[in-house]
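Note sheet for the following structure.
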Amino acid sequence: MKYASVIVDVQAMQTDRAFDYKVPEEWQQLVSPGMRVIVPFGPRKVQGFIVELKNQTDYEKLKSISDLVDLTPCLTTELIELGQWLTEKTLCFKVSAFQAMLPAAMKAKYEKVIRFIGDELEALPFTIRPFFEGKIEVDLKDIEQVASFREIHKEIECGNLEVIYKVKQKTNKKTVKVIKASETFSALSEHLSAIPANAKKQHDIIHYFITNRLNEIPLQLLLSETKASDTTVKALISKGILQEENREIYRDPYENREFEKTNPLPLNEEQQQAIGPIIHAIDKKLHEVFLMYGVTGSGKTEVYLQSIDKVLKEGREAIVLVPEISLTPQMVHRFKGRFGSKVAVLHSGLSTGEKYDEWRKIQRKEVQLVVGARSAIFAPFEKLGMIIIDEEHESSYKQEENPRYHARDVAIYRGKQHNCPVVLGSATPTLESFARSQKGVYKLLTLKERVNKRNMPSVEIVDMREELRNGNRSMFSASLMDKMTDRLNKHEQTVLLLNKRGYSSFVMCRDCGYVNGCPHCDISLTYHLRGQQLKCHYCGYEEPLPNTCPECESEHIRYFGTGTQKVEEELVKILPEARIIRMDVDTTNRKGAHEKLLTKFGQKQADILLGTQMIAKGLDFPDVTLVGVLTADTMLNLPDFRASEKTFQLLTQVSGRAGRHELPGEVVIQTYTPEHYSIQLSSQYDYDSLFRHEMQLRKTHAYPPYYFIALVTVSHPDIMKVVSVTETIVQYLRRNVANDTRILGPVASPIPRIKDRYRYQCMVKYKRDNDLHITLRKILEHFQQEMTTNQLMISVDLNPNTMM
DNA sequence: AGCACGCCGACT
DNA sequence: GTCGGCGTGCTC
């Protein structure tokens, strides 16, 4: 007898363990760990993951697995173990860990159906009766529209109705019907004579098979080619001459797209030195972490491509992570161009179904390389030869919901399991990674030169306070104006970055200082030109733009801050002849809009590309010779100890967009704090100094990489409750952490209220604290009941990326 | 998380 | 006396 340990799809602390089930006789040979199954769980049915098969169990009254969902495991043994590791590292539920590894399409959906099992339809109340006229099963949702649950319940108790719990899949494999000939062509010819002469279409179909020497053909194609109808085909199938089969097909997001084949480029001296140790590690199957620190344009990608080539030639597989790849279609081109059909692409721009199909290609070992965003790190490869994380410093590698994992940590874990190298690449590495490379934990590979030997574009810092004193009240400094006009005349292109994060346009009364805030969140509402609305970015609350101040009824109510829309308006005024493309959430939320806009810009159908963060990454257009940063310092004022680091990274990256090819580039950075070191140092491309300066600060303030951080956030509609719970947590932590661990708080979160819930937090700074995970878990367990019954929420983020 | 069970108040 | 509220505890 075989028993299966199953992790059920119920996200709760009490169910966060394996439950044992009997494996029915007929599936004993089929089952294996990593498969999804449907199991009875209490009165209902749920999906679950088999994590173990065993011949023994402690539990006596076992139920049986009711269904198999997979015929091949969707989780490899390695991934099952990785799930265990993830739950420990991020304090999440086991199911959540497994679900994070799989495409969303594979998450189960649950529905309840009511079936009539009585004798007389008349026995049902008249409200319910009509539903069952002509059918036995009805969706509970439909009946609930007219009847109360209690009414239905009564019928269940007296045996007229029953509830059936159904588990459904979100998306399924897309299939086409394929028609095959059952026998050889000579046998087909013989069949011809047996077919009645008046069945002309049947003859046509058989002839079609014979003359075209067809083994199989999609049904649709066969019908259109022979002008036959499907009944004719059915007749032949029932005669056994033809066979029908459902064949899985892939929704290919890159269908109909040609990718120009590219060949390896010769590597320069630096690149060769960088690739050497990587190739060595691949060859010798060594787990090593490399930090490839290479300035923008130094040819990191070519090093990736050639290392991958080596991995694939050895018959192994590779994962390449890129930050939100839809932002860099150019990147997809480079990988598809070099490795063609060996590549699967996974990113947020794909539909659920497309993502599922790409994942299936990996599972079925039809590809050897996956290029994708964060979650692609879980690609179910079994012979990994290398993992690459490009733009290692990008914050999108950290998932901001449970499980709060960092792709870099997962990559290193998997690298160890597979004995393969992990390559982290960046022009502006995180302090954490660079510090590790200094300590020799990671091996540092440096690329100092740009491949085309071009210098980095020269950077001019403009003091906007000075501009204001000189009477320039616009958002463009005189210098930036000059240069934009100049580019326009020379038919060169400009990229304008509006660094908006943490600083959106809000409405303020000039007389009394009143700011329109969200009634549910402690945050000011954001002004949206479209529809003249004020919107809350946290809960979605909307209200119309007021004409007068709600507080003092003054008419001097204005919006402050600058949105891309407003910049665009002003640009149109001062440079009427310029063609502008604006890229922000509003213009890119449609699928493919992003790529379209970029293509348009690339084809020089516009002179200026104006956008937020999203334009800072990976764009490479030869005619861009000017980059303007409208307000460099907005990010600096955020309550985030990484603010300076992030500002430096952003400025360096966006500067790298200029002058990548023949034409030299220039950068203008506008700021109100020109003296700030991260602005100064980014203008000199001086990462080393930034590293030293910032490390000093992190040391004095006990921040990463000197200390690890854990952030506990408590929220509840009642502020008193929040404060007291956070206080309790802090006290408990103080009593149970290591000596050199520091506890800060309780304090109100930077956004003290979201969706009518008050938020408090406490920060744990620790160096080595082996029991901290256990202590934190105990806290969660202690409040578990209140978290389910009372509206309490406690979230723990280990190594948070943001303090918000 | 869901769902059943079980124990109390307010109604036919 | 029952209906219907919510606290409690279990799910292989």
Side-chain angles (χ1 to χ4, degrees), chain A residues 1-25 27-28 31 33-69 80 87 91-100 104 107-115 125 127 139-141 143-144 147-159 161-168 170 401-403 715-717 721 777 780-795:
Chain A
M1 194 58 164
K2 257 191 200 168
Y3 303 102
S5 283
V6 174
I7 302 291
V8 291
D9 181 18
V10 180
Q11 300 195 21
M13 215 159 264
Q14 289 156 308
T15 52
D16 189 33
R17 61 191 175 88
F19 289 83
D20 288 353
Y21 288 88
K22 282 192 274 198
V23 181
E25 192 58 42
W27 293 331
Q28 300 247 332
V31 285
M35 283 181 180
R36 290 171 301 159
V37 286
I38 312 275
V39 291
F41 197 62
R44 54 203 171 121
K45 285 194 172 151
V46 295
Q47 193 175 83
F49 295 90
I50 301 180
V51 287
E52 200 192 340
L53 288 171
K54 46 193 189 182
N55 298 314
Q56 238 186 302
T57 176
D58 307 329
Y59 200 82
E60 296 188 354
K61 296 175 294 247
L62 287 191
K63 292 185 185 174
S64 289
I65 290 174
S66 25
D67 240 317
L68 299 183
V69 182
I80 295 173
T87 53
L91 302 176
C92 72
F93 301 130
K94 292 178 182 71
V95 238
S96 316
F98 291 145
Q99 260 152 18
K107 220 177 137 178
K109 275 199 312 190
Y110 299 96
E111 63 185 40
K112 280 173 281 187
V113 169
I114 306 294
R115 178 188 277 169
T127 44
D139 273 8
L140 175 62
K141 270 187 232 134
I143 306 185
E144 267 181 333
S148 69
F149 191 72
R150 204 149 285 276
E151 211 173 343
I152 301 164
H153 225 255
K154 218 185 202 167
E155 297 305 314
I156 292 167
E157 286 199 337
C158 60
L161 299 177
E162 74 173 335
V163 188
I164 297 172
Y165 297 87
K166 291 205 170 173
V167 184
K168 294 203 163 178
K170 272 195 173 152
E401 62 215 45
N402 274 330
S715 76
H716 191 276
K721 182 73 192 167
R777 198 171 267 280
L780 290 175
E781 275 164 22
H782 179 262
F783 288 103
Q784 171 217 321
Q785 202 167 23
E786 281 195 85
M787 283 163 67
T788 46
T789 57
N790 191 346
Q791 301 198 46
L792 185 67
M793 269 199 336
I794 302 174
S795 86

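All values below come from the heavy atoms of this structure, side chains included, with hydrogens, waters and symmetry mates left out.
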Whole-Å distance between [N] [atom2] and [X] [atom1]?
X	N	atom1	atom2	answer
A:Lys2	C:dC12	NZ	C1'	19 Å
A:Arg150	B:dC5	CZ	P	13 Å
A:Met793	B:dA1	CE	P	11 Å
A:Lys166	B:dG2	NZ	P	19 Å
A:Met13	B:dG2	CE	P	16 Å
A:Lys154	C:dT2	NZ	P	14 Å
A:Asp9	B:dA1	CG	C1'	10 Å

Quick one: label [X] by what it contacts on the DNA or RNA (base, sugar-phosphate, nothing), any heavy atom closer than 4.0 Å.
X	answer
A:Lys22	nothing
A:Tyr110	nothing
A:Lys112	sugar-phosphate
A:Thr57	nothing

- So do the side chains of A:Ile114 and A:Val163 get within less than 4.5 Å of each other, counting heavy atoms only? yes
- Query: Quick one: does A:Tyr3's side chain get under 4.5 Å of A:Lys22's, heavy atoms only?
  - Reply: yes
- Would you mind telling me which of B:dA4, B:dA1, C:dC12 lies closest to the side-chain atoms of A:His153? B:dA4
- Would you check if the side chain of A:Thr15 reaches a backbone N or O of A:Val10 as a donor-acceptor pair within less than 3.5 Å? yes
- Message: What I want to find out is whether A:Glu111 reaches A:Lys166 closely enough, with some N-O distance under 4.0 Å, to be called a salt bridge.
- Response: no
- Note on the structure: salt bridge (Lys or Arg N to Asp or Glu O under 4.0 Å) filter on A:Lys141, not counting sequence neighbours, yields none
- Do we see a donor-acceptor contact under 3.5 Å between the side chains of A:Ser96 and A:Asn402? no
If you restrict it to nitrogen or oxygen atoms, what contacts under 3.5 Å exist between nucleotides 8-11 of chain C and the protein, and what is each distance?
residue: C:dT11; atom: O3'; partner: A:Gly42; partner atom: N; Å: 2.9

